Amino acid sequence: MTGGRCWLIKSEAEVYSIDDLARDASTAWTGVRNYEARNHMRDEMSDGDLVLYYHSNASPPGVAGLARVRGAPYPDPTQFDPSDPYFDPRASTVDPRWWLVDIEFVEMFPRLVTLQELRAEPRLRDMVLLNRMRLSVQPVTNEELAVVKHLAGVGA
DNA sequence: GCCAACGTTGGC
DNA sequence: GCCAACGTTGGC
């Protein structure tokens, strides 16, 4: 059975798109350096939680498909690697600062659900995506997930 | 490429 | 602990 909560994660399509995730089957969601996003991953995500996969900085931006949290949160290894762009000298293995989860590919939507469509849908008016900028890991309600899937033409 | 929004840093 | 400067996100 799947976990209880739903999420949305943003990825720049040119950096790591849902096609990349489909190819890799799953990936460690490294490089998140925002405390609120980290807290969601570290404290609230559970194995099996469904995740909307959003392409930011794309033309047009929108939700491209569905993914899933796999396993439990663990420290982001890139924070400990001095040669990595996400290296954080303030972090230590005994006191990790940044946490992540593994994200597993579920499905590509038959069509992109654009930001414009999301904005136009009254049932999505409270979606975090539409009310908060710059949060790359954010909660989504079960109803919002269902509405987005419906817009994508995916059966519930 | 522009630039508004806004999270983070660091001086005080 | 305030807040100005700075850097980044992300739509357009």
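First the proteins, then the strands, lettered A, B, ... as listed; each starts at 1. Everything numeric here is computed off the predicted structure, so don't read it as measured data.
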In whole angstroms, the gap separating C1' of C:dT9 from CD of A:Glu36 amounts to 14 Å
Check: Is any side-chain nitrogen or oxygen of A:Arg132 closer than 4.0 Å to OP1 or OP2 of C:dG11?
Finding: no
Rounded to whole Å, the OH-P distance (A:Tyr86 to C:dT9) equals 7 Å
Quick note, A:Arg90 side chain, CB onward, closest among B:dG7, B:dT9, B:dA5 is B:dT9
Exercise. Any chance the side chains of A:Asp81 and A:Tyr86 put a donor and an acceptor closer than 3.5 Å?
Worked result: no
(message) Side chains of A:Thr78 and A:Arg33: any donor to acceptor distance under 3.5 Å?
(response) yes
Rounded to whole Å, the CD-C1' distance (A:Glu12 to C:dT8) equals 10 Å
Looking at C:dT9, I'd like to know if its phosphate oxygens (OP1 or OP2) sit under 4.0 Å from a side-chain N or O belonging to A:Lys10. no
Per nearest nucleotide of DNA chain B, the residue lying toward the 5' end, A:Arg97 or A:Asn57, is A:Asn57
Whole-Å distance, A:Arg38 CZ to B:dT8 C1', equals 14 Å
Separation of C:dG10 atom C1' from A:Tyr54 atom OH, nearest Å, is 8 Å
Exercise. Are A:Tyr74 and A:Trp29 close enough that their ring centres sit under 6.0 Å apart?
Worked result: no
- prompt: So does A:Arg111 have more than 12 non-hydrogen atoms from other groups sitting under 6.0 Å from CZ?
  reply: yes
Side-chain contact check for A:Tyr35: nearest option of B:dT8, B:dA5, C:dG11 is B:dT8
Here the distance between atom P of B:dT8 and atom CG of A:Asp88, to the nearest Å, is 12 Å
| request: Kindly assign one of parallel, tilted or perpendicular to the pair A:Trp7 and A:His40, based on the angle between their ring planes and the thresholds 30° and 60°. | output: tilted
Of the candidates C:dG10, C:dG7, B:dT8, the side chain of A:Ser56 sits closest to C:dG10
Rounded to whole Å, CG of A:Leu130 lies from C1' of C:dT9 at a distance of 16 Å
A:Asn34 CG to C:dG7 C1', in whole Å, measures 13 Å
